[in-house]
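Chain A is the first sequence line, chain B the second, and so forth, proteins listed ahead of strands; every chain is numbered from 1.
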There are 2 protein chains.
Amino acid sequence: MRRVRRRGLAHEAADRIRESILDGRVSPGSPLREVELAASLDVSRGSVREGLAVLEREGLVRSEWHRGARVMDLRSRDVDEVYTVRAALDRLATLSAASRIVPAQLAELESLVQAMGRALEGDADGLTLIALDLAFHDRVYAIADNSRLTDAWHGVRSQVRLIQLTRIEHDQAHYRDLLVGEHHELVRLMSRGPSEALARAAEEHVDSARRALIHLLGQAPRGR
Amino acid sequence: MRRVRRRGLAHEAADRIRESILDGRVSPGSPLREVELAASLDVSRGSVREGLAVLEREGLVRSEWHRGARVMDLRSRDVDEVYTVRAALDRLATLSAASRIVPAQLAELESLVQAMGRALEGDADGLTLIALDLAFHDRVYAIADNSRLTDAWHGVRSQVRLIQLTRIEHDQAHYRDLLVGEHHELVRLMSRGPSEALARAAEEHVDSARRALIHLLGQAPRGR
DNA sequence: TGTTGTCCCAATGTCAACATTTGTACATCG
DNA sequence: CGATGTACAAATGTTGACATTGGGACAACA
């Protein structure tokens, strides 16, 4: 049996605040005041504070000494950073997963890809596609079964989600073209075990999204 | 001017506790009681609590609900995870740094390598070598100039430090053979810009250390 | 004798009050 | 009139007290 995990109010508070950010109810840049949140969540400031610390390590929130916390405002440079790191993590996750994956897990991934296909044909909204995309990659990280790797992934995951949210119209176009094809190819390569081709595909899968986003956001983020 | 960074008691407390762990004054597995620490550091339990949360995100401390925090006890499996993730991060950091590095920074890295050589000839203790090794890689991450990457690095850095500490006699042997040579080679390759050879060297630099540690610790950590 | 239930204590989780800092508006001075 | 200093309000940082939980010792029971 999987033992129940009791987490306390701080994590609960973090979940609620994360939701309201990722649902777009509070926009990037807006302040997250401890007293306000404590009142609206009906917990003490201490718990809110601890929850905000959780969100800060996820990169969703930025806080400064005696100046409080604000919803992270992700600019072009930040998108570049997040996707660059994600590419490196995904490369490792995909390779590790490929060396440990069993047929049942391959089938599970493939069924997620098919769900993407159905969602596209059914003209599903962007949120559904984003959810399926993240679910796929979450599964890959779970299969890789490396808690440090998962922690590092969680350090950028929420930011990826936030970027996708704010660029949702773009993502829909991007998804429509490549979502099923690229993921299917990843599964196919994973079924053959780790390889240089798989490593490249995993990196490229993320990097093409990065390039598209950077292009969309206007200019090169750094002095390249 | 680099503006001063005021951080509050929680970070100060985290620093002190981290020191006592990394200095070996508290051994892996031992409990870190909030009241004890609060008394000995002369701050409130709240600040200690926040400090322990910082150390938890660094992977130095593991805490469970209503059961308190303990110094992380790193077993074979954990060493494997940490070094596997570190290899992926170092690969990216080294490639990114290579594409941005300027001559002055190359010289700085090379001078660190020479310091390693002098330390080895002067029969310095293991702690000095560990410090120089980490200083070198910290510089590479700083040159890569990607805050998400640096955050991810900080998520494993302290654990690397802890592993090196507990295996210090082994590391000295490992260092004596490869320290100067491998780092010098990394600098040389970086001076020529990013390349597949550099990527492999950076990965292999970490992975050889991983293999040596795993071998030392006895058995294969996972079902490979 | 092994198992179950109860009590108790130590430690953490939570809270609300107090202290400190920051930013701003306004007064003061050169 | 611009620069500097001061007072105040709003928010966070810090603290000690109270509530809740987990684990172990011990007794009751089959």
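Considering only heavy atoms from C-beta on, B/R6 stays 4.5 Å or farther from A/H66 through its side chain. In this structure, the side chains of A/H137 and A/R86 come closer than 4.5 Å at one or more pairs of heavy atoms. In this structure, A/I163 and A/Y83 have side chains that are in contact, with non-hydrogen atoms separated by less than 4.5 Å.
Scanning DNA chain D 5' to 3' for nucleotides with an atom closer than 4.0 angstrom to a non-hydrogen atom of chain A gives a first and last hit of D/dA11 to D/dG22.
If you check every strand for non-hydrogen atoms under 4.0 Å, A/L32 touches sugar and phosphate atoms only. Within the 4.0 angstrom heavy-atom criterion, no nucleotide atom of any strand lies near A/G46.
As rounded to whole Å, 10 Å separates atom P of C/dT12 from atom CZ of B/R70. Distance B/E50 CD to C/dT14 C1': 15 Å, rounded to the nearest Å. As rounded to whole Å, 13 Å separates atom C1' of C/dA11 from atom CG of B/L52.
Atom CG of A/D80 is separated from atom CZ of B/R148 by 10.0 Å, given to the nearest 0.5 angstrom.
Between the side chains of B/S20 and B/D23, no donor-acceptor pair is found at a separation under 3.5 Å. There is no side-chain donor-acceptor pair under 3.5 Å between B/H11 and B/D15.
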Counting primed atoms, P, OP1 and OP2 as sugar-phosphate and everything else as base, the B/S/- map of nucleotides 18-24 of chain C against protein heavy atoms under 4.0 Å is --BSSS-
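A close approach under 4.0 Å does occur between a side-chain nitrogen or oxygen of A/S47 and OP1 or OP2 of C/dC15.
Ion pairing between a basic and an acidic side chain is recognised when a charged N comes within 4.0 Å of a carboxylate O; A/E204 and A/R211 show such pairing.
Of the two residues contacting DNA chain C, namely B/E34 and A/S44, the nearest-nucleotide position lying further toward the 5' end is that of B/E34.
Residues passing the side chain to side chain donor-acceptor pair (under 3.5 Å) test with B/S147 are A/E81, sequence neighbours excluded.
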